[in-house]
> 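So that we are looking at the same thing, I have put the structure below in structure tokens.
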There are 2 protein chains.
Amino acid sequence: MAHDTTKRREALRESLIGLAEAQVRADGLASLRARTLAKEAGCAVGAIYNVFDDMTGLTLAVNGRTFGRLGKHVSDAVAKVADAPPTERLVAMAIAYLEFASANPNLWRALFDVEMSTDRDVPEWYMQELGRLFAIIAQPLSELHPDPEPGEIDLMTRALFSSVHGIVLLGLENRISAVPRERMEGMIEFLLKRATAT
Amino acid sequence: MAHDTTKRREALRESLIGLAEAQVRADGLASLRARTLAKEAGCAVGAIYNVFDDMTGLTLAVNGRTFGRLGKHVSDAVAKVADAPPTERLVAMAIAYLEFASANPNLWRALFDVEMSTDRDVPEWYMQELGRLFAIIAQPLSELHPDPEPGEIDLMTRALFSSVHGIVLLGLENRISAVPRERMEGMIEFLLKRATAT
DNA sequence: TAGTTCATTGAACACTGTTCAGGTAGGGAT
DNA sequence: ATCCCTACCTGAACAGTGTTCAATGAACTA
């Protein structure tokens, strides 16, 4: 029956995503193997391709989950200080971003390491999720600048997100120069307070 | 003769680096193939391994050249405005960094995409070159803060470099959201002026 | 029960980076 | 001139990878 097949496939799909996620979390995106995954899931290698276009498709599915959790983590953090001044809310968000990346380094890196260079389009949920994240950041900025020039808020949003991302990225890259956690928080606070000072 | 062999190897080494660099520049690090490279160099695949430990070693050699050119580009840029105020010099450096990354996206990305996770140590020249870059950045910052607390200059240096790096990284990542060049310069100027305002 | 449809399988394919037994070339001794 | 010996270079072979598709088998229909 068609419906039964659909359900079984959906179950396999979820199973594969979960197993792949565990693998990426433990040993990084580069350690993901089609054969190993199939063995763990108790299916044939070919079955993966009945459910995903290719391994990149599977990786995108894992990233979808990660992105969701990241968004929730940041949202929750800012919700806890909803009544604080805008700058403090920005700092809370950035620290939450650092926390998530630090707690899930391999999953977080996979968000950016997946290769989408070839024909494949960026998934729609990717842009949506990113838009949601940017909207959260833009809110405090709008409060700080009630009468912005056109595009100013968007520019600041991107600039601040990119900056915090850069600090987290190079900070966690221990091969270049391991930076202690509290110093990273210090950098982020310093930067955001300066950048948003009136 | 031993000397002759050494010279031939050195020539092959240089040739391989040059060819690999051209390949990375044109199509990115991921497009580098041992067999293709050997064919282009007119040698056997095994010959590559007489000269480099492995393909990562070759990539590191390419990155060494790139890093050198990047450093020179940034140094030259700041030298041209040596008499300008510290903040302007910082902006000039950051814009130069953006220029280089924008003009050599694939070579620039290769600097960070090479996988060094496994045993291999970070080459000594890597840390040296990075230290040199940081020193150039630290100079204007020291002028802005004549009496810094211990480690303050270092913290700011890392924070500002990481921030600019993040802006350039995500800005050039057109798959996420292509940002026009002049807006990226705007972001960098905005950020550095705010961060270094007295 | 026989026939038809269609999802699943896993061996085979094309492609990696890397190795190492063997052929080759060149200098020195007899 | 001949032989040897050393050291270098070669490229077929190896151990992997992601991906495909003819063949299997199960399930549903008449």
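For the numbers below, each heavy atom of this structure counts, side chains included, while hydrogens, waters and symmetry mates do not.
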> Among residues two or more places apart or on two chains, list those pairs meeting ring-ring contact (aromatic ring centres under 6.0 Å, His included) that have a residue in residues 65-85 of chain A.
A:Phe67-A:Tyr126
> Between D:dG18 atom P and A:Ile48 atom CD1, what is the distance in whole Å?
9 Å
> What pairs with B:Arg13 under salt bridge (charged side-chain N to carboxylate O under 4.0 Å, His left out), at least two apart in sequence or on another chain?
none
> Treating primed atoms plus P, OP1 and OP2 as sugar-phosphate and everything else as base, which nucleotides of nucleotides 12-25 of chain C get B, S or - for protein heavy atoms under 4.0 Å?
B---BBBB------
> Regarding A:Arg158 and A:Asp154, does a basic nitrogen lie under 4.0 Å from an acidic carboxylate oxygen?
yes
> What integer number of Å spans the P atoms of C:dG26 and C:dG22?
23 Å
> Using distance only, find each side-chain donor-acceptor pair of residues 128-138 of chain B under 3.5 Å and give its atom names and separation, not counting sequence neighbours.
none

> For B:Arg109, what residues pass the salt bridge (charged side-chain N to carboxylate O under 4.0 Å, His left out) criterion, not counting sequence neighbours?
B:Asp113, B:Glu173
> What is the distance from CG of A:Leu12 to P of C:dT8, rounded to the nearest Å?
8 Å
> Ion pair present between B:Lys193 and B:Glu88, side-chain N to carboxylate O less than 4.0 angstrom?
no
> Report the relative orientation of the aromatic rings in A:Trp108 and A:His165; use parallel for angles under 30°, tilted for 30 to 60°, perpendicular for over 60°.
tilted
> Can you tell me the distance, in whole Å, between the CZ atom of A:Arg9 and the P atom of C:dC6?
12 Å
> Starting from the first five and the last five pairs of the helix from C:dT1-D:dA30 to C:dG22-D:dC9, work out the angle between the resulting helix axes, to 10 degrees.
30°
> To the nearest Å, how far apart are A:Leu58 CG and D:dT19 P?
10 Å
> Would you mind checking if B:Glu40 and B:Arg33 are paired as a salt bridge, meaning a charged N to carboxylate O distance below 4.0 Å?
no
